2 protein chains.
Amino acid sequence: MQSPANKSQAAPTITDVANKAGVSIKTVSRVMNQEPGVHADTREHVLKVMAALKYRPKLSARSLAGARSFVIVLLYYDPSAAFVAGVQQGATLRCREAGYHLVVESMHNDAADLEQQVSRIISTLQPDGMILTPPLCDNRQVLKALQDSRTPCVLVSPAKDIKDQPSVRMDEARAAEEITNLIISLGHERIAFIKGATDQSASALRYQGYLRAMKTHGIAVDKELVHQGDFTFATGVDAAHHLLSRSVRPSAVFASNDDMALGVLAAAQRLGLAVPGDLSIAGFDDSPASSLVWPPLTTVRQPIAQMARVAVDMLIAANRNDAESATEPDLHHVLAHELVVRDSTSKPKAVTAANAAKRKR
Amino acid sequence: MQSPANKSQAAPTITDVANKAGVSIKTVSRVMNQEPGVHADTREHVLKVMAALKYRPKLSARSLAGARSFVIVLLYYDPSAAFVAGVQQGATLRCREAGYHLVVESMHNDAADLEQQVSRIISTLQPDGMILTPPLCDNRQVLKALQDSRTPCVLVSPAKDIKDQPSVRMDEARAAEEITNLIISLGHERIAFIKGATDQSASALRYQGYLRAMKTHGIAVDKELVHQGDFTFATGVDAAHHLLSRSVRPSAVFASNDDMALGVLAAAQRLGLAVPGDLSIAGFDDSPASSLVWPPLTTVRQPIAQMARVAVDMLIAANRNDAESATEPDLHHVLAHELVVRDSTSKPKAVTAANAAKRKR
DNA sequence: CTGAAAGCGCTTACAG
DNA sequence: CTGAAAGCGCTTACAG
């Protein structure tokens, strides 16, 4: 049924390139894999023929014949849309640069057959590596499936580092400390803190950062100004109502994520407080919403896309080192974050005035 | 170097299954592809052996040997994180149900070599189908690369439907009409509208919906109450300042997306207007931020994940029909949206009072 | 209803 | 520096 015309339209194979270049397919293979041991002229000639024919090696053939699949899997379970999108953006771009492709799979963290699901994906796809994001990167079943299959794997923002298990993260505590320092440097002393969900490691780390900054500056932490939240908008609102009903109000609130900070902002505005005039507010995450309110929030930007890029790089390196059994250079990467100072924080006008008044009495 | 112990650990192949089941690999192949012409007992027995061996066919081998790759590619260029995440969620889950895998690739819509990039991905991956989201689904270069390769492709929310080109969308105009109806039913008459970016088809459609509802209810549209925006927070703020400085203010604003609605909300609050008391506000998209402000926004939820599921279904069906050359049943799907009524809209208290006062004079 | 043979397009291990 | 042969794990086209 296939006419010659159709046949000529078929995608060129390595054999087509070899024939036209007058070399063996092995030489073409060497060139496209950038292996040594090919004469410069030969290499150049083959390269030209490949370009002329618009030759693209098929992933399935390379994968079946060789040890690599050029596939990296991103396993995730709905953290925030912004987080997934960020990881993906970084991972997919880096993959393309390196000739890899990113397969994404969304899994329920509490599925009973999670280990099976993961091992099935690995067996079917035989990926060269896997990227895990919270909460899956802290899930025993997932980790077990990965280890059994000996698939290289990088954890992005895991709760804690595991020995011999590569990871990428930012310094949550340091970032929280810096944002607290910023608020203190503005002149605040009564700085409230809203904690995040107790089952997430970031919560404790961010709280540590807050405490450290307060201590460094010799400011006593009033326990009444520390409130438990769970990273949701609603608990931010709640916390604000509690904190702002104190006889002596805080002049600033550091909510350990943006959603809670937005809750504080909403509550403050309902109470008729000016932000940042009457109350400075800082968040954490640089979520999209943080710049879609007035005033836009001072917050911390996680290097999400960059973490994903690094994760991909580590996986590719792991594949190369596999044969050489070289020791991994850096198992645990910590990437720089960024303070995003916007309009929700300022000098404590009201408090300053009040303090001045007090002193006069 | 490989000990027998290691060998037995190797992933089982179709040959292993065939040997253990005492049949040919062709029979195993028939069973796993659910092909007819296998005795029920044989089928059952093979199935048991596959399960016992935890046999998983390798995608690379199936892809190389056969006409299908079991891979679907999602091509996107950073619309909103929420949109990408939604499409992905729907697509990845549906893919897993059907034994497919989703490869994601992020591309710059304005890249000079876009057509080449897309055709390279197709040649390399040989996907069974492709999902395109805005703005790529309206990009000529992308569409051309797809057609040249004859890869089945579904457009999600394209600017307009193309003949013979499958698509999935919601009814933007209808949704905008419904939200306008809602506002009208609350008692509003001076309803402002903020248009979206002129280069996006949704802008015109949503405006049409607004006009249609106003006309249906016999309310004249005051052109001073229609303001051009571009879907950003900043233009929402601008629009609000213009609209609210009118001698007779609107009692409600329908911003044609949430980001602009949030801008209106921020501006209104700075001006000391109560929302929804003094001003009702409605948005469009149900963005994450829309419920992270006070009051939470009345808006429209697009069936994003559902659109992606349908897109995957259409691609899988296209692959099946390929051989039978059956005609596609529904080329253009329109999915139901959902009105999300929250607290940013209410009866026009202030205006009602004012109107009452006017009448008394 | 079942199977033997050939082949998909590459890489591997070996030879020269 | 280069290549001929075998094989990866499946599906296809054909036979019985």
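All of these numbers come straight from a predicted model, not from anything done at the bench. The sequence lines fix the lettering, A, B, ..., with proteins before strands; numbering per chain opens at 1.
In terms of heavy atoms, Ile316(A) sits closest to Ala98(A) at CD1-CB, 3.4 Å. When every heavy atom of Val156(B) is checked against every heavy atom of Pro134(B), the shortest pair comes out as O-CD, 3.2 Å. Closest non-hydrogen pair, Ile122(B) versus Ser149(B), comes out as CD1-OG, 3.4 Å.
Rounded to an integer number of Å, the gap from CG of Leu64(A) to C1' of dA6(D) is 13 Å. Whole-Å rounding puts the Leu125(B) CG to dC8(C) P distance at 21 Å. Rounded to an integer number of Å, the gap from Leu59(A) CG to dC10(C) P is 11 Å. Computed from coordinates, the Ile14(A) CD1 to dT12(C) C1' distance equals 12 Å when rounded to whole Å. Distance Arg62(B) CZ to dC10(C) P: 21 Å, rounded to the nearest Å. Distance, His39(A) NE2 to dG3(D) C1': 17 Å, rounded to whole Å. One can place CE of Met32(A) at 16 Å from P of dT2(D), the figure rounded to the nearest angstrom. Remark: P of dC8(C) and NZ of Lys58(A) are 12 Å apart, rounded to the nearest angstrom.
Each of Pro36(B) and Asn33(A) lies near DNA chain C, and the nucleotide nearest Pro36(B) is the one positioned closer to the 5' end. Nearest-nucleotide positions on DNA chain D place Val38(A) closer to the 5' end than the other of Val38(A) and Arg56(B). The nearest heavy atom of DNA chain C to Ser60(A) and to Ala67(A) marks one nucleotide each, and the one closer to the 5' end goes with Ser60(A).
No donor-acceptor pair under 3.5 Å is formed between the side chain of Asp128(A) and the backbone N or O of Ile72(A). Judged purely by atom type and a 3.5 angstrom limit, Arg169(A) uses its side chain to pair as donor or acceptor with the backbone of Pro158(A). Side-chain N or O atoms of Asn139(B) include one that pairs as donor or acceptor with a backbone N or O of Gln141(B) at under 3.5 Å.
Here the side chain of Tyr55(B) is nearest to one of dC10(D), dT12(D), dG9(C), namely dC10(D). With dT12(C), dG3(C), dG7(C) as the candidates, the nucleotide lying closest to the side chain of Arg30(B) is dG3(C). Of all nucleotides listed (dC1(C), dC10(C), dC8(D)), dC10(C) comes nearest to the side chain of Ile25(A). Picking from dC10(D), dT12(C), dC10(C) the nucleotide with the shortest atom distance to the side chain of Lys26(A) gives dT12(C). Closest approach to the Ala61(A) side chain among dG9(C), dT2(C), dC14(C) is made by dG9(C) (side chain taken as heavy atoms from C-beta onward).
When the side-chain nitrogen and oxygen atoms of Thr27(A) are compared with OP1 and OP2 of dG3(D), one or more of them lie within a distance under 4.0 Å. Side-chain N/O atoms of Ser24(B) include one lying less than 4.0 angstrom from OP1 or OP2 on dG3(C). OP1 or OP2 of dT11(C) lies within a sub-4.0 Å distance of a side-chain N or O belonging to Ser29(A).
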Working for side chain to side chain contact (heavy atoms under 4.5 Å, CB included), residues Cys95(B) and His101(B)
CA-CA 6 Å; Cys95(B) 276; His101(B) 294 269; 5.9 Å; no
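Using a 4.0 Å heavy-atom distance criterion, Phe70(B) is classed as making no nucleic acid contact. Among the protein residues, Thr42(A) comes within range of the sugar-phosphate backbone only, with heavy atoms under 4.0 Å from sugar or phosphate atoms but none that close to a base.
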DNA chain C in dot-bracket, Watson-Crick or G-U pairs under 3.5 Å, [ ] crossing, | other strand?
|||.||||||||.|||
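A ring-centre distance under 6.0 Å is found for His108(B) and Tyr77(B).
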